Amino acid sequence: MLHATEIKINCRLLAPPIVKIERTIRHLMVNIVIDMPFISQVTLNGYSFENVAFHVLHERIPLYTFRTLSDWWDHRTSLNRWRTVDHYVRRCRGNVRILESVDFIGRTSELARLFGILFFSVICRGSQYRVESMMLRIAKPMNYIAVSPSIEQRALMRAPETIPLVMEPESRFYSDPVLVLDFQSLYPSMIIAYNYCFSTCLGRVSCLSEYGEFKFGATSLCVPPSLLKKLEGDIHVCPNGVAFVKSNVRKGILPSMLDDILQTRIMVKASMKRWKSDKSLGRMLDARQLGLKLIANVTFGYTSAHFSGRMPCVEIGDSIVRKARETLERAIDLVNNTPRWGARVVYGDTDSLFVLIKGATKEQAFNIGKDIVDTVTAMNPKPVKLKFEKVYLPCVLQTKKRYVGYMYESLNQKEPVFDAKGIETVRRDSCPAVAKVLEKSLRVLFETRDLSLIKRFVQRQCTKLMEGRASLQDFTFAKEYRGMKNYKPGACVPALELTRRMLREDRRSEPRVGERVPYVVVYGSPGLPLIQLVRRPHEVLQDPGLRLNASYYITKQILPPLNRVFSLIGLDVFTWYAELPRVVRVAQMSTDPGERKKGTISQYFSTMTCPVCQELTPADLCTSCRARPQLSTVSLASRMRKWERTHQHLAEICYSCCGSRDTRLGCVSLDCPVFYKLVLCTRDLKSSQHFRRILESL
DNA sequence: GGTGCGACCTAA
DNA sequence: TTAGTTAGGTCGCACC
């Protein structure tokens, strides 16, 4: 008997979500949790093995319940034992293939080499460790000693004063081109250009006397005025009043490190071009340049990590932000005040500018953009560079950090690309249906400007949902579970509530911290708080009495994000919903299991609607349809045939994936759309029996 | 019905 | 026995 082993690897780069790599063979429980930054480049809605396998390997892998696996294993004949083994072997292989396909080993080794740290440290330690490794390598030969501030010194540190500039956008629909320009690695550029470093910081200038002499206020960093006098002319004072010596006096550690990093990155990118025929070398070089970019960007974070940091320095962090802010503001002023461009900055965030060029064509916009970029780059010290990012035509600026548009990256690009930031199409706290409806509506808006088309589309989707024809998968939320202890006492959130419920059934079923817990919202007695209406997807699939809460999804999920866009062009999408005829709720029941009669499918049909014409009727068939037996027979029979065909088709798909035609002991992967369709179709097939009885009675 | 707070996720 | 940062929007709930 083998002992249970647990290998837990937790590698965090930019706080990416967790990829859960599932359990392997029964007795040998190998449990690996890896945050893979290479996978999370694509943020997924869930990180189950099946979902990751689908997105990385582009193939569906079935999931069986432990019940099913045990039944196969323990079966007296042991005829199906191979299935259990096969299932686990497939998963083990899948895990390895996922690691291979994202080149996990190769990339991690490359990062290890680059930062000069151990392979395992790349995975299990954070970015501070990397910055330190690189920084100390440069500092050591120069005879520097790094001293982490004491607790007392930390307490004395003031909070940062400057915040990055985030302009309030002019929220509206823009049919003229909007340029998006941004400063390339702005914070690292600031460090290099102005020589910001621990080793060059002199301290804070409390005031500048009228004789042009610097006076220093009380600060942890301070130099005697006599020395300052000597250095006059060799000092740079950041607008926040912190002084640094210029690089001709002493070049800082951080600036030389970042300078090296950025230069090396340019070289690596150049050799990538040269060696693009060699694929494995290309992958290595790509990993290398990404690593360089990564380390450049977290260096700023290192200086201003005053909660968890080992060597924070507010003076440096604050100066970087302040100078960056000034740089951006200067660029904004220049753009607004240069008449030949006819341009206006309508939004900006930290290092980016959104420039409206009224009445310009796409070509003109590109040309003006190039001109702006060159001018701004020229007026700043090296290596500050404003880069032409893209042109939006058209676009919508909703609020700070939320916008969408059709994007052109180059002049010869014919087809625009849908590009959204911050809105629900890219957020994982709403369900896929919301994202889909919003994206489609925006696309129609951008392509046709025909509002009636959008209205019709939205209404159709609402109707579909109200009639219960929508796919459950599209209405599934998935939120991160943070662990029992990590919620505040009064917290009442779906992920926590569901976990509590699951734990009542099975004490071992607590999700892993960081795992995404899926749920849907169902109908219930009016007045119940939302949390009472939350169900796990498979509960809804198993219990025909539970129905998706169409009015919740429409009025609280789908319409508000749409309205935030369309109210900007003077539309009220809520009226679109109000105009719709209310669909009669066929099987609306209480959510309290005690109160609810277990309704069968046949009851559902016989008491509510005529299966042929959908009219309300107390009988099997309404009187008019009973009066036309041939028509009714054709209608019912053709529907039964359709269900059977669909079922067969779906079963065939499952067979190709699971290797078994028995859909009863089948896969239960909530990440597979075929599974949902199959459940619905099986339900339809059950009502076939009822149809048959009707047919016999005709 | 406004307001404050916690949870969650994203932009940069 | 280790941890990059802040700004910002939205939702649901409790409270007044």
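None of the values given here were measured: they were computed from a predicted structure. All values below were derived from every heavy atom in this structure, side-chain atoms included, with hydrogens, water molecules and symmetry-related copies excluded. So that the names make sense, note that chain A is the first sequence line, chain B the second, and so on, each numbered from 1.
Rounded to whole Å, atom P of B/dA12 lies 12 Å from atom NZ of A/Lys293. At whole-Å resolution of the value, CD in A/Gln398 and P in B/dC9 are 19 Å apart. Distance CZ (A/Phe115) to P (C/dG4): 13 Å, rounded to an integer number of Å. In this structure, A/Leu496 atom CG and B/dA7 atom P are separated by 10 Å, rounded to whole Å. At whole-Å resolution of the value, CG in A/Asp182 and P in B/dA11 are 14 Å apart. As rounded to whole Å, 16 Å separates atom P of C/dT5 from atom CE of A/Met311. In this structure, A/Leu254 atom CG and C/dG4 atom P are separated by 17 Å, rounded to whole Å. Atom CG in A/Asp349 sits roughly 19 Å away from atom P in C/dT5 (whole-Å rounding).
In this structure, of B/dT10, C/dT5, C/dA7, it is C/dA7 that holds the atom nearest to the side chain of A/Ile163. For A/Tyr487, the side-chain atoms get nearest to B/dA7 when compared with the rest of B/dA7, C/dG4, B/dA11. Comparing atom distances between the A/Arg428 side chain and each of B/dA7, C/dT5, B/dC9 picks out B/dC9 as nearest. Picking from C/dT6, B/dA7, C/dC13 the nucleotide with the shortest atom distance to the side chain of A/Leu530 gives C/dC13. Residue A/Lys479 has its side chain nearest to B/dC8 when only C/dG12, B/dC8, B/dA11 are considered. With C/dG9, C/dG12, C/dA3 as the choices, the nucleotide that has an atom nearest any side-chain atom of A/Thr399 turns out to be C/dG9. Checking B/dC9, C/dC11, B/dA12 against every side-chain atom of A/Pro560, the shortest atom distance belongs to C/dC11. Comparing C/dG12, C/dG4, B/dC9 by their nearest atom to the side chain of A/Gln557 picks out C/dG12. Distance from the side chain of A/Lys400 is smallest for C/dG9 among the nucleotides C/dG9, B/dA11, C/dT5. Proximity note for A/Gln128 (side chain, C-beta onward) versus B/dC9, C/dT6, C/dG4: the nearest is C/dG4.
Both distances falling under 3.5 Å, in either a Watson-Crick or a G-U wobble arrangement, occur for no nucleotide opposite C/dA3. If you check C/dC16 for Watson-Crick or wobble pairing at under 3.5 angstrom, you find it paired to B/dG1.
Residue-level contact check: A/Leu186 touches neither bases nor backbone, having no heavy atom under 4.0 Å from any strand. Within the 4.0 angstrom heavy-atom criterion, only backbone atoms of the sugar-phosphate kind lie near A/Tyr552; the bases stay farther away. Heavy atoms of A/Pro561 sit nowhere under 4.0 angstrom from any nucleic acid atom. Note on A/Val131: nothing from the nucleic acid sits closer than 4.0 angstrom, heavy atoms only.
Considering only side-chain N and O atoms, A/Arg310 lies under 4.0 angstrom from the phosphate OP1 or OP2 of C/dA3. Phosphate proximity of B/dC8 to A/Arg427: absent, as no side-chain N or O sits under 4.0 Å from OP1 or OP2. OP1 or OP2 of B/dA12 has not a single side-chain nitrogen or oxygen of A/Tyr347 nearer than 4.0 Å. A/Lys401 has no side-chain polar atom (N or O) that falls below the 4.0 Å cut-off from OP1 or OP2 of B/dA11. Taking 4.0 angstrom as the limit, A/Tyr403 places a side-chain polar atom (N or O) nearer than this to OP1 or OP2 of B/dA12. At C/dA3, none of the side-chain N or O atoms of A/Arg130 fall inside 4.0 Å of OP1 or OP2 (strictly under the cut-off). Contact annotation: A/Thr350 does not reach the phosphate of B/dA12 (side-chain N/O to OP1 or OP2, under 4.0 Å). Between A/Arg516 and the phosphate of B/dC9, there is a side-chain N or O to OP1/OP2 separation shorter than 4.0 Å.
Note on ring orientation: taking the six-membered ring where Trp is involved, the planes of A/Phe418 and A/Phe446 are tilted (angle from 30° to 60°).
No side-chain donor-acceptor contact under 3.5 Å links A/Asp318 to the backbone of A/Pro160.
One distance of note links NZ of A/Lys382 with CG of A/Asp259; it measures 9.0 Å at 0.5 Å rounding. If you take NZ on A/Lys421 and CG on A/Leu397, they are separated by 13.0 Å, rounding to the nearest 0.5 Å.
Of all heavy-atom pairs spanning A/Val384 and A/Ala193, the tightest one is CG2-CB, 4.2 Å.
Ring centroids of A/Phe244 and A/Phe198 are separated by 6.0 Å or more, keeping the two rings apart.
To the nearest whole angstrom, the two C1' atoms, one in C/dG4 and one in B/dA12, are 13 Å apart.
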(message) Using ring pair (Phe, Tyr, Trp, His ring centres under 6.0 Å), reason through A/Tyr403 and A/Tyr174 one step at a time and then give a plain yes or no.
(response) CA-CA 11 Å; A/Tyr403 51 87; A/Tyr174 292 86; over 10 Å; no
